[in-house]
Amino acid sequence: FQVPITRFQDGYVLKWGAKFLVPILAKMPLGLYVPRSNCKTLPEDFPYDPYWRDVWITSLALVCRGEFNFIIASFALSEGLVNPDIYSAIVFSVLCASIFGP
C-alpha cells in the first residue's frame, strides 16, 4: 500500500478526488435518522441537546469508513483495473474523508 502524495498536486487527480469525495460526504445527512430518545430526565440547565450530539457523532462516524477502501484501491491498482491517476484520486478522497471525520 502506497500513498502517492506527489500526484496529489495534479489537476486530474484533484478533479477526480473531489468527485469521489462527494458520495462519501453524502453520508452526512444519514445521521438525521438517529432515533430520538424518550428520556426526559435532563436537567433544565443541560448545555446541549443529546439528540443533536448523537446525530453529529453518527454522521461523522459514517464518513470515516476508509480503511477498507484503501485495500480495494490497492488491489484494483495491482490487478490493473485502475490506472495510477485514478488510484491517486481514490486515495486522496479517502484520506480527506478520514481526516475530516473523527
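- A continuous path of Ile, Leu, Val, Met, Phe, Trp and Tyr side chains, each step under 4.5 Å between heavy atoms, connects Y12 with F8, placing both in one hydrophobic cluster.
- With a 4.5 Å cut-off on side-chain heavy atoms, T58 and Y33 do not count as touching.
- The shortest side-chain heavy-atom distance between D85 and W16 does not fall under the 4.5 Å cut-off.
- Considering all non-hydrogen atoms of both residues, G17 and S93 come closest at O-CB, 3.3 Å.
- Shortest non-hydrogen contact noted between Y87 and A73 is CD1-O, 3.4 Å.
- Using a 4.5 Å heavy-atom cutoff, the side chains of F92 and L21 are not in contact.
- Of all heavy-atom pairs between Y51 and V34, the closest is CE1-O, 3.2 Å.
- Note that CZ of F70 and CG of L95 are 4.0 Å apart. Values are rounded to the nearest 0.5 Å.
- Atom OG of S59 is separated from atom CG of D54 by 10.5 Å, given to the nearest 0.5 angstrom.
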